[in-house]
2 protein chains.
Amino acid sequence: MALGDAILACLTERPMTGYELAKTFDSSIGFFWKADHQQIYRELSKLRDRGYIQGREVVQSGKPNKLVYTLTPEGRTALRHWAARPSTPASTKDDLLVRLHALDSIDIEPLRADLMARLEHHRDRHANYERILKKRFPDGTAEGQLDLGNLLLLRLGARHEQMVADFCEETLEALSAMSGKATVVPLEDGKRERKG
Amino acid sequence: MALGDAILACLTERPMTGYELAKTFDSSIGFFWKADHQQIYRELSKLRDRGYIQGREVVQSGKPNKLVYTLTPEGRTALRHWAARPSTPASTKDDLLVRLHALDSIDIEPLRADLMARLEHHRDRHANYERILKKRFPDGTAEGQLDLGNLLLLRLGARHEQMVADFCEETLEALSAMSGKATVVPLEDGKRERKG
DNA sequence: GGCGCATATGCGTCAATGTGCATATGAGGC
DNA sequence: GCCTCATATGCACATTGACGCATATGCGCC
């Protein structure tokens with residue numbers, strides 16, 4: 001029950017509705033955990049059945065009534081228990097990497113297009129992380145535990161996106177070099193400077 | 001059908017049995033795509049039903065007979081079609097990051113232990129990548145497309161593990177600093193040197 | 001002789017996830 | 001009047017994945 005725990009983790013910050021959670025999973029925590037609203041509503045029902053969260057209906061006019069979920073003491077305990085178990089290192093599972101593994105059996109042009117799209121995507125995400133970092137932590141320090149965790153996460157995210165973007169760039173260059181000559185001399189490792 | 005395509009990608013290299021594929025998914029391609037043998041056998045049946053691979057039984061004595069699977073022309077075409085579609089950027093989904101997001105609601109000591117275990121894990125993997133790189137690409141260059149793809153993948157893997165290991169280290173330091181004083185001044189970004 | 005290990009293939013079940021569809025309504029544009 | 005968007009919740013179905021279990025045999029260890 002990993003998504004359930006991610007939801008509990010979100011609710012430690014403040015009570016939220018399923019709709020708000022879906023938006024959260026589309027931005028902040030969603031940078032490293034994707035989930036759409038259907039998944040979230042389903043998981044919320046389970047969590048409520050187990051007594052980990054409590055739903056309070058708020059009557060609204062003009063909109064459907066909303067259900068604001070709050071962590072119960074049991075939910076807090078469950079989260080702490082889950083967090084005390086050793087974590088499982090996740091594997092990457094990226095289509096793009098599988099394709100590179102079979103580079104000699106696929107068409108290069110669509111791959112190149114894909115790499116360019118991915119380069120842009122990861123650059124955008126990197127810029128987004130940096131933007132949030134500057135806004136939330138202008139002096140690069142955190143006060144309190146909650147902030148510290150988020151600062152570290154944002155930095156990791158920024159570095160990760162930077163690295164993948166660099167990788168896309170280098171792969172594109174290596175592909176270009178390859179189409180020129182048969183034998184390839186790709187870039188040496190560690191030569192590229194990381195700016196930003 | 002992502003696992004299926006990963007299997008097709010593996011079979012471009014050479015014909016293999018389910019058992020060999022399972023081992024492959026435990027080492028080379030397994031660095032960025034995990035799958036156990038049950039999943040692989042099930043997927044092989046599907047691929048065979050679709051005519052993407054062909055099984056040839058090899059009678060053995062002392063061991064159960066083995067089924068060597070070969071890519072069919074249809075399978076090759078299917079792989080090329082799959083590889084020509086835009087790839088979907090994968091999200092990380094790492095328990096550890098979710099825990100850091102709720103840093104103020106969990107126990108620090110188990111987290112610290114977890115971080116230390118993860119640090120060791122990612123260092124091991126990094127060393128493993130570097131070992132393979134030195135062995136397969138002693139002069140840092142690749143000949144042919146297949147090798148180029150694998151060289152790039154190994155470098156990406158090495159860098160990724162290095163980055164995550166650094167992250168674990170920095171987080172541990174930040175946690176230590178936090179337990180000392182209430183307000184935290186974590187390391188500035190980009191100050192750590194990357195060796196190796 | 002029994003135990004575990006490597007080889008080799010596979011089934012069954014359940015949890016987790018992804019995709020599409022359904023419902024309800026007010027606000028604002030055409 | 002109709003369409004779309006934002007808000008707000010949810011079901012149904014299919015795929016994927018994780019985990020345990022089953023079968024069969026030779027080899028080496030104690």
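So that the names make sense, note that chain A is the first sequence line, chain B the second, and so on, each numbered from 1. Note that this is a predicted model, so its numbers are computed, not measured. Side chains included, hydrogens not; waters and symmetry mates left out as well; all remaining heavy atoms used.
Rounded to whole Å, atom P of D:dA8 lies 14 Å from atom CZ of A:R56. Atom-to-atom, CE of B:M16 to P of C:dT7 comes out at 15 Å; the value is rounded to the nearest Å. In this entry the distance linking CD of A:E43 with P of D:dC11 reads 13 Å, nearest Å. For the pair B:L47 CG and C:dT9 C1', the interatomic distance rounds to 16 Å; values are reported in whole Å. Between the CG atom of B:L44 and the P atom of C:dT9 there is a distance of 9 Å, rounded to whole Å. Between the NZ atom of A:K93 and the P atom of C:dG18 there is a distance of 11 Å, given to the nearest Å. Rounded to whole Å, the distance from CD1 on B:I7 to P on C:dT9 is 12 Å. C:dA22 atom P lies 18 Å from atom OH of A:Y41, rounded to whole Å.
Interface remark: the B:R42 side chain does form a donor-acceptor pair with the D:dG17 base, using a distance-only criterion of under 3.5 Å.
Partners of A:F25 under the ring-ring contact (aromatic ring centres under 6.0 Å, His included) rule, at least two apart in sequence or in another chain, do not exist in this structure. The side-chain hydrogen bond (donor to acceptor under 3.5 Å, both in side chains) search around B:R56 returns none, not counting sequence neighbours. Residues meeting the side chain to side chain contact (heavy atoms under 4.5 Å, CB included) test with A:L96, sequence neighbours left out: A:D94, A:L111, A:D114, A:L115, A:R118, B:S87. Taking the side chain to side chain contact (heavy atoms under 4.5 Å, CB included) definition, one finds that B:Q54 meets it with B:T72, sequence neighbours left out.
Backbone-only engagement by A:T17 is indicated by non-hydrogen atom pairs under 4.0 Å involving sugar-phosphate atoms exclusively.
Mapping B:R48 and B:Y19 onto DNA chain C via the closest heavy atom, the residue that lands nearer the 5' end is B:Y19.
For residues 11-24 of chain A, the pairs satisfying salt bridge (charged side-chain N to carboxylate O under 4.0 Å, His left out) are A:R14-A:E20, with sequence neighbours left out.
When side chains are defined from C-beta on, A:V98 does not count as touching B:D5, because their heavy atoms never get closer than 4.5 Å.
Rounding to the nearest 0.5 Å places NE2 of B:H101 at 13.0 Å from CG of A:L152.
Residues of residues 22-40 of chain A that place a heavy atom closer than 4.0 Å to DNA chain D, in numerical order, are A:H37, A:Q38.
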